[in-house]
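These notes concern the structure reproduced below.
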Amino acid sequence: MKIDRLLAMTVLLLNRGRVSAKELADRFEVSTKTIYRDMETLNQSGIPIVAHQGISGGFEIMEPYTMARQFLTLSEIEAIVAAVKGIHTAVDDRVFGTLLDKVKALLSRVDRLQMEQQGAGIVFDFNPWGQGPAARDKVNSLRQAIEHTSKVSFKYLNMNGTESERVVEPAALILKGYLWYLQAYCTLRSEFRVFRLSRIQELRVLEQSFVRKQAPSLEGYAWESNWSNANLQEMTFLFDSKVRHRVGDTFDPQQVTVQEDGSLQVKGPFTEDEWLYGMLLSYGEHVKVEEPIHVAEEMVNRAQKIMERYKKLDR
């Protein structure tokens with residue numbers, strides 16, 4: 001419908017700034033002539049659209065213009081409330097508490113009553129069960145360091161168990177699933193790196209300040225293979241049916257094949273590192289490495305070392 005397209009265009013222009021007629025036409029699957037007519041319609045309705053000519057031309061909305069509350073549906077405000085509540089569970093900051101109050105203030109008494117009667121359709125909670133205050137304190141310390149452009153130092157334990165001293169210029173905190181990561185410029189490596197917060201020890205916010213550098217974009221931030229020193233290789237594991245629930249929690253469903261006897265075969269590319277062996281050993285006698293052979297042999301070697309530790313037990 002035209003009204004839906006006009007509203008979507010208004011939101012896009014408010015968020016993006018200047019957008020070309022061709023990009024708008026491609027996005028909304030209409031002709032550029034239709035876009036020009038739509039811009040005229042928006043102007044006539046009171047939305048101050050400005051057209052710019054030239055190579056970098058396009059349409060944009062004049063700076064002071066904002067959208068009123070009426071453009072947000074009750075469902076959309078409920079989604080905002082749920083999201084802000086979720087981040088507030090992981091970050092102890094007044095900003096999010098104040099933001100939550102402001103968003104709720106957009107609701108009328110009737111809307112609030114309706115929300116209470118319907119209950120929470122979705123709940124975000126980024127504070128894992130069983131996690132103590134130490135993790136939250138670490139997040140808050142880093143947020144303050146980012147805000148005040150203060151350098152931080154810490155000991156970092158990488159995935160291979162190697163510990164190193166780091167002094168970094170923190171740029172951003174990333175919450176991926178239930179795990180926190182820090183994007184920072186590492187003075188030791190002279191480049192931006194991503195650090196997992198659970199591996200950061202003895203964190204200290206220093207009195208030294210720094211000038212912000214242009215950090216890589218976090219939009220669509222994805223795992224990069226060069227973050228790991230080891231290469232992926234094809235592996236096959238066989239799990240007993242007793243641990244089916246854990247297999248579902250750990251592996252991609254596309255990697256899992258249920259066998260006739262109920263056991264589960266997991267096949268896919270994995271990195272041979274300490275995390276892999278720790279994960280496999282946590283399954284005890286309920287897993288067998290089928291391929292590659294050297295991984296199976298290493299599992300036997302590690303199991304024998306575990307047995308050696310218990311040989312001297314008093315009987």
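Predicted, not measured: the structure shown is a model, and the values here were computed from it.
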Is there a chain of hydrophobic side chains (I, L, V, M, F, W, Y, each step under 4.5 Å between heavy atoms) that links Leu281 to Met235?
-> yes

Least distance between heavy atoms, Ile49 atom then Ile61 atom = CD1-CG1, 3.6 Å

Correct closest heavy-atom pair for Pro170 and Ala184 would be CA-CB, 3.7 Å

Can you tell me how far [atom2] of [Y] sits from [atom1] of [X], rounded to the nearest 0.5 angstrom?
{"X": "Glu291", "Y": "Thr236", "atom1": "CD", "atom2": "OG1", "answer": "4.5 Å"}
{"X": "Ile35", "Y": "Met9", "atom1": "CD1", "atom2": "CE", "answer": "3.0 Å"}
{"X": "Ile47", "Y": "Thr10", "atom1": "CD1", "atom2": "OG1", "answer": "3.5 Å"}

Taking atom types as modelled, find out whether [X] and [Y] have a side-chain donor-acceptor pair closer than 3.5 angstrom.
{"X": "Ser241", "Y": "Arg244", "value": "no"}
{"X": "Thr34", "Y": "Arg5", "value": "no"}
{"X": "Gln44", "Y": "Glu40", "value": "yes"}
{"X": "Glu290", "Y": "Gln265", "value": "yes"}

Could you check whether the rings of Phe270 and Phe237 sit parallel, tilted or perpendicular, using 30° and 60° as the cut-offs?
-> tilted

Mind telling me whether Phe239 and Phe251 have parallel, tilted or perpendicular rings, with 30° and 60° as the class edges?
-> tilted

Would Arg143 and Glu147 satisfy salt bridge (Lys or Arg N to Asp or Glu O under 4.0 Å), going step by step from the backbone distance to the final call?
-> CA-CA 6 Å; Arg143 286 194 72 249; Glu147 182 180 350; 5.8 Å; no

May I ask you to check if Arg166 and Phe195 form a cation-pi contact, with NZ or CZ under 6.0 angstrom from the six-membered ring centre and within 45° of the axis?
-> no

Any side-chain heavy-atom pair from Ser190 and Tyr185 closer than 4.5 angstrom?
-> yes

Should Leu197 and Leu142 be marked as a side chain to side chain contact (heavy atoms under 4.5 Å, CB included) after you check the CA-CA gap, both sets of side-chain angles, and the distance that decides it?
-> CA-CA 10 Å; Leu197 260 62; Leu142 287 169; 4.0 Å; yes

